[in-house]
J.: 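Would you mind keeping the following structure in view while I ask a few things?
For ligands, and for the atoms within them, numbers begin at 1 and follow the listed sequence. Note that this is a predicted model, so its numbers are computed, not measured.
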Amino acid sequence: MTDTPKKTLVRRAPWPASVSRPVVTPLQMSVVYASECPDQLDAQYAGRVPGYTYAREGHPNADMLSRMIDGLEGVEGGLIVGSGMAAVTAALMGLLSAGDHVIGADQLYGRSLRLMTQDLARFGIETSTADPTDAKAIAAAIRPNTKVIIIEIVSNPTLRLADMEGIAKLTRAKGITLVVDNTFTTPRGFQPIAHGADVVLHSVTKMLAGHADVTLGYVAARDPAQRKAIYDFAVTTGLTPSPFDCWLAERGMYSFTLRYDRAEQNAARLADHLASLTGVKRVLYPTRADHPDHNRAQHLLQGRGGHMVSFELTGGRDAANALTRAMPDVAFAPTLGDIGTTLSHPASSSHRNVSHAARAAVGISEGFFRISVGCEEIEILLEDFTRGVKAAAEVS
Ligand SMILES: *Cc1c(COP(=O)(O)O)cnc(C)c1O
């Protein structure tokens with residue numbers, strides 16, 4: 001056969017020429033990137049020229065998203081990974097080795113605590129937990145081999161404020177790496193790097209992407225050597241995000257500021273409203289004068305309260321069932337950061353495997369709820385919760 005076909009379906013045609021450019025970020029699903037020649041590939045790997053090679057090592061949709069979050073956090077070179085837990089894993093396993101010790105805040109996200117106490121232990125990494133609202137408790141947990149301390153600024157679900165200043169002073173004095181999971185506060189509420197953190201991470205799944213339709217994480221380190229250690233661990237272990245998920249999250253990010261401010265405004269109104277209702281035992285919201293860490297909250301969050309509100313009914317499980325049944329339009333779902341309000345019940349979800357005594361110690365009863373306040377019109381939200389609390393009070 002001398003006459004080889006000129007047309008084949010197995011070789012992709014070049015992209016159509018155009019003098020105009022798309023306004024919306026293109027979705028780049030390509031796993032591999034072709035280079036001109038080995039010299040060019042060398043130059044790419046050496047970082048002398050920009051270019052992508054293989055999607056597990058990085059792709060443009062992830063970079064578009066990470067640059068947006070970098071800008072909000074005031075840091076460079078952040079990495080997008082497949083979930084918030086991938087970000088926690090990359091930070092801890094990228095920075096710790098066998099024989100090291102890590103301290104975690106005792107109210108960290110449940111899976112983060114599990115990773116530390118169950119999984120890191122299998123790799124010879126020691127873990128302790130301590131109360132982050134008290135820098136003295138953290139100091140008391142420090143050992144000669146302590147390498148990393150990981151905290152959240154606002155805890156889940158009791159919304160306690162970490163002693164960020166006290167802890168940052170400790171880590172700086174002792175050369176310990178301070179990692180902050182900033183998911184709850186978001187960079188609009190608090191910027192950990194400016195307050196002495198070395199590493200900041202997010203579950204982008206929540207408020208940043210904001211529509212409960214992608215699972216993604218973000219992690220950034222201030223120090224280039226730590227950044228590289230985290231990047232290499234994530235790429236080697238394949239914590240890669242999907243380009244489509246990054247594209248969706250980028251789209252969500254354009255309205256992040258608007259959504260956050262609206263949700264926060266709603267949260268402050270809803271917190272005060274709940275506190276006025278019969279059948280509500282207590283309300284936790286950082287800007288309220290009755291919040292246990294009110295002064296620290298005012299100082300760290302600069303008068304802002306965020307989009308999370310927790311409250312406790314006077315009744316128990318029956319009251320809790322009555323409340324969720326009476327307000328079916330508010331999704332009873334264990335997540336946060338969606339555009340609409342969601343409601344979670346820690347005793348039956350995040351804290352179901354925590355003993356009654358340990359739950360009682362942090363004030364999580366059967367009547368305890370956490371609200372991720374959304375962007376609804378406030379009147380609708382107030383009506384929903386008025387109806388829910390009334391139904392709960394009737395069975396208590
Ligand atoms: C949800 C969450 C995570 C885990 O994120 P995923 O995207 O679900 O893996 C970690 N930390 C905090 C504070 C979270 O709320």
J.: Salt bridge between Arg227 and Asp223, side-chain N to carboxylate O under 4.0 Å?
T.: no
J.: Taking distance alone, with N or O pairs closer than 3.5 Å, would you say Met85 contacts ligand 1?
T.: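 Yes; the residue has a nitrogen or oxygen that sits under 3.5 Å from a nitrogen or oxygen of the ligand.
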J.: Should you measure from each heavy atom of Leu336, which atoms of ligand 1 turn up under 4.0 Å away?
T.: 15 (O)
J.: Determine, considering heavy atoms only, which of Pro334, Gly337, Ser350, Ser203 sits nearest to atom 5 (O) of ligand 1.
T.: Ser203
J.: Based purely on interatomic distance, does Phe184 place a nitrogen or oxygen under 3.5 Å from a nitrogen or oxygen of ligand 1?
T.: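 It does not: no N or O of Phe184 is found under 3.5 Å from an N or O of ligand 1.
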J.: Does Asp70 pair with Arg67 as a salt bridge, N-O distance under 4.0 Å?
T.: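 A salt bridge is absent here (no side-chain N lies under 4.0 Å from a carboxylate O).
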J.: If you count the atoms of ligand 1 from 1 in the order shown, which ones are under 4.0 Å from a heavy atom of Asp181?
T.: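 Going through ligand 1 atom by atom, the ones under 4.0 Å from Asp181 are 10 (C), 11 (N), 12 (C), 13 (C).
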J.: What part of Thr335, side chain, backbone, both or neither, has a heavy atom within less than 4.0 angstrom of ligand 1?
T.: neither
J.: Pick out which of Leu79, Leu65, Ile80 makes a side-chain contact (heavy atoms from CB on, under 4.5 Å) with Pro241.
T.: Ile80
J.: Tell me if a side-chain donor or acceptor on His202 pairs with a main-chain N or O of Val219 at a distance below 3.5 Å.
T.: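 No, His202 side chain to Val219 backbone: no donor-acceptor pair under 3.5 Å.
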J.: Do Asp163 and Lys136 meet the salt-bridge criterion of a basic N to acidic O distance under 4.0 Å?
T.: no
J.: If you count the non-hydrogen atoms of other residues, nucleotides and ligands that lie under 6.0 Å from OH in Tyr254, is the total more than 12?
T.: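 Yes, because the 6.0 Å sphere around OH of Tyr254 holds more than 12 heavy atoms from other groups.
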J.: What I want to know is whether Ser112 and ligand 1 share at least one N or O pair that is separated by under 3.5 angstrom.
T.: no
J.: Show me which atoms of ligand 1 lie under 4.0 Å from any heavy atom of Glu152.
T.: 13 (C)
